[in-house]
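Worksheet: one structure, shown below.
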Amino acid sequence: MTAILPASYRKYANWLLYGLGIVFLIAWLGPLVADKSGVQIAQRTISGLLLGGIYATIALGIVVINKASGVFNFAHGGMMMVSGFLFFSFFTEANIAPLGAFLLATATVVMVLGTASARNLLKPLYLLGGAVAVILLTIGMSIGGLELRWLHAMVGAICGTVLLGLVIERFTIRPLIGQPIFAAVMVTLALAEILVGLTNLLWGAQPRSLLIFSEPHPFLPGQLVRIQDPIRIQADFLGGSVLIDQPRLLAFVIALIAFGAFFALFRYTSIGLAMRATSENQQLAESVGLRVRVILAVTWGIAALLAGIAGVLYAGSTNSSTIDTNLHFIALRAFPAVLLGGLESITGALVGGLVLGLTEEWAKLLFTGDVAENLAPYVVLMIILVVRPQGLFGEKRIERI
Amino acid sequence: MSANIRPAGVFDTNYKQDMALNRTRSDRLLSWGGFGLLLLIPLLTAGGPLGLNIVPAYLVTTINTIAIFVIAAQGLNILVGYTGQISLGHAAFMATGAYAGALFARGFEMQLFGSSVPIGPMPFWLALPAAALLTGLVGLIFGLPSLRVKGFYLAMATLAAQFIIPWIIENPLKPLTNAPDALPSIPAPQLGPLVFASDAAIYYIIVPLAIVLMLAARNIIRSRTGRALISIRDNDLAAELLGINVFNYKLRAFFLSALYAGIAGALLAFDRNTLSIETFRLNTSIELLAMLVIGGAGFPLAPLFGVAFVKLVTNVVIPAIGPVFNSFLPTLLPFVDAIQIGSALPSLLFGLALLLFLIFEPRGLAYRWEILKIAWKIRPYSY
């Protein structure tokens, strides 16, 4: 790069440019904003925050993997989709086949026990514990009918999702440790492709209704319908009332609880400490006695869980409450959130997610057409990359030759 | 790698011989003979002037598609394989070239400061370079973030390009492009009395152009620019210390890459006669990257192998094994529908092939081909 100006002046030139950019933005968007009423803006802000909670959960899953193993997971959307469909299957199926449940439980337990070393599977203690776990999981997945469907869905989806994360880590990420970044990007792209194919194969492409936030149908007995009445908040000083959609609010609350739980896991538990150590330096972590392989596997399992939670919540809280293969594009839209917050920052994931949700909803308010969904996140992405590539809370990379 | 290995008894005595692509008489014979055979293919189809029915007509169409994608993948190869910058937005550059070429050839009116300026209709021979140049400039714009970011972050910037460019084509430019509906009736190329309307006719534009562009890419890589690009890929800091203007050369790589993509896109438009934006979505970008990985990024012949492999799998293997899966999979797994298998197989097999290549043959088919060539040249000795 040729220096046009001396370094000290370049800093001021940058500030000047940013200042001009902000002035331009205000001059452009100001009149558009002034057109809208206060209620509209408040309404969009609230829905943006509610959507942002889910984006934050997606972003957290991506950040966790990126921190621990240095792989940016393009397959996160695929994982969201597969676990969402697993949840759907266990949630809506009245009679779960015990054999299928048994096979799923066995596969999960084998993968979990064999994480450190396949030889562990032969130890009597592991065998006993594994057998008990398989029996418990099978029972949890398959007893009872539709009354226990929440239990089925939780146990089944958690089993399948953890299995998915562990299988991906074991068979595709682990063989490629030490390869250049291009290989890592391509592997997750290939995985995304495979997961889309798998979903198409097992569940088909047509949308399925996933009524997790439901109430009894007002006219048809025995039928369920998405919760319809929004919470109405009277806001006279804005000149009207703001509506809050109940399913979206519930999804937001659950997403935040999940976010908080995993944040606490990273911050306050010993496994979280081990994960943070591993993300700092894998060799050092190994040399102080941490089992890096196990930790990486656990990270992928956790990320898959987060993907599953986000997938189910997003699919369940949209206006149609359906799940289909378009779900994996939602993760693409959350990428700007990850970059905005910083690739290594958990707080950044939360802030980035909320800001992105707000951006999308405000863009819906200010512009017509599909600008909001298809363009706004990527314009934000370009701006971040040019202005502050490491994100708000990310670490600036220092390079050594 | 193979450039240094000659058959026994063949020695270079001057610089010209050392740099020649075709060094021996058999090299020359093979390359010109192969070129001649390629040009013969459309003549042997049922619709050809000789009236022979030796070669099935779909082969010509397939070779056209392969040649177009080889051009696009070669552009990506310059950027990814030689310069080491990941691009997830190559299909968007193809879209730019395709729509620019089609619109230049159809002619349109541009609103400029209140007055409408008619542009075109241009002949194909002007529309193609114009579209390529325009795409190159668009590539420069989206290469600008490479000033500040690299590696994975740059991949994200190009991902943004992949969403922004089709959006621009679909929304502000909708009166011109008719997207997301198809843009119909793109005029066929003409040269004097000759009209290149049929697949077999446009073959004689696409295939020689693809070969020329492959050779051009190969020679660019052997030039000062190419060596600078490779040094940036290997270590950009070291390259900068050697006095290479990294940003300048990265922009050159982006320009060249987008130029190739623009040519490929424009050719695709003229080959198909209609255009749909759905051809240029993210999955096409991923497919191009996958072609490069399978072919072996960083080898001059990689696009050929990669594109041929992927197109072979999607056009030949999947139709062949689809019925087999249809017959036994629904009985094996009762919840699988026969309809779902058809839609699932392409992405499943494609992802699986890419994954297996990444894990077991990360250097790709072109690397195998080089090893094979060396083994053949130094036979009967094994090293």
Side-chain angles (χ1 to χ4, degrees), chain A residues 1-2 66 70 72 74 78 89 100 171-172 175-176 179-187 189-205 325 329 332-333 335-336 338-339 343 369-371 374-375 377-382 384-390 397 399-401, chain B residues 80 84 86 88 142 144-145 147-149 151-157 159-164 166-168 170-171 235 237-238 240-241 245-248 282-283 286 289-290 293 297 329 333 335-337 339-341 343-355 357-360 362:
Chain A
M1 282 168 264
T2 42
N66 189 67
F72 190 92
F74 281 92
S89 280
F171 294 107
T172 64
L176 286 172
Q179 295 277 340
I181 186 164
F182 179 55
V185 169
M186 287 313 291
V187 156
L189 284 174
L191 278 174
E193 203 62 45
I194 290 177
L195 291 179
V196 170
L198 201 66
T199 315
N200 270 332
L201 185 69
L202 296 181
W203 289 283
T325 42
F329 288 115
L332 282 185
R333 262 195 250 151
F335 287 173
V338 181
L339 284 179
L343 277 174
D370 61 348
V371 179
N374 294 340
L375 199 64
Y378 301 103
V379 173
V380 171
L381 178 66
M382 280 303 266
I384 303 160
L385 283 177
V386 172
V387 174
R388 197 178 159 86
Q390 74 271 25
R397 297 263 163 85
E399 280 200 46
R400 299 183 180 85
I401 299 177
Chain B
V80 176
I86 309 170
L88 287 170
F142 283 97
L144 282 178
L147 170 65
R148 301 214 40 182
V149 295
F152 161 75
Y153 292 92
L154 190 61
M156 284 320 234
L159 184 70
Q162 174 63 61
F163 287 97
I164 291 173
W167 182 85
I168 289 177
E170 269 177 302
N171 291 290
N235 190 329
L237 288 178
E240 196 160 4
L241 284 180
N245 188 338
V246 173
F247 181 50
N248 184 333
L282 179 64
N283 49 6
I286 295 174
L289 273 175
V293 169
L329 212 57
L333 304 169
F335 48 85
V336 170
D337 239 339
I339 310 158
Q340 294 166 9
I341 295 175
S343 65
L345 261 189
S347 49
L348 211 54
L349 272 188
F350 172 70
L352 207 61
L354 179 55
L355 199 62
F357 263 96
L358 277 166
I359 294 175
F360 295 111

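Here the straight-line distance linking atom CG of B:L354 with atom CD of A:E193 works out to 8.5 Å at 0.5 Å rounding.
Partners of A:Y378 according to the ring pair (Phe, Tyr, Trp, His ring centres under 6.0 Å) rule, which considers only residues two or more places apart in sequence or in another chain, are B:F163. Considering only residues two or more places apart in sequence or on other chains, B:F350 meets the ring pair (Phe, Tyr, Trp, His ring centres under 6.0 Å) condition with none of them.
Of the two parts of A:L176, only the side chain, counted from C-beta on, holds a non-hydrogen atom closer than 4.5 Å to a non-hydrogen atom of chain B. Only the backbone of A:V387 comes within contact range of chain B, with heavy atoms under 4.5 Å apart.
For B:P145 against A:M382, the heavy-atom pair with the smallest separation is CG-CE, 3.9 Å. What you find for B:L159 and A:F335 is that their closest heavy atoms are CD2-CD1, 3.8 Å. Here the closest non-hydrogen pair linking B:A344 and A:G197 is CB-O, 3.2 Å.
Annotation: side chain of B:M156 is in contact with side chain of A:L339 (closest heavy-atom distance under 4.5 Å). For the pair A:F171 and B:L355, the minimum side-chain heavy-atom distance is 4.5 Å or more. Side-chain atoms of B:L88 and A:L189, non-hydrogen and from C-beta on, do get closer than 4.5 Å to each other. Side-chain contact check for A:L375 versus B:N171: every heavy-atom pair is 4.5 Å or farther apart.
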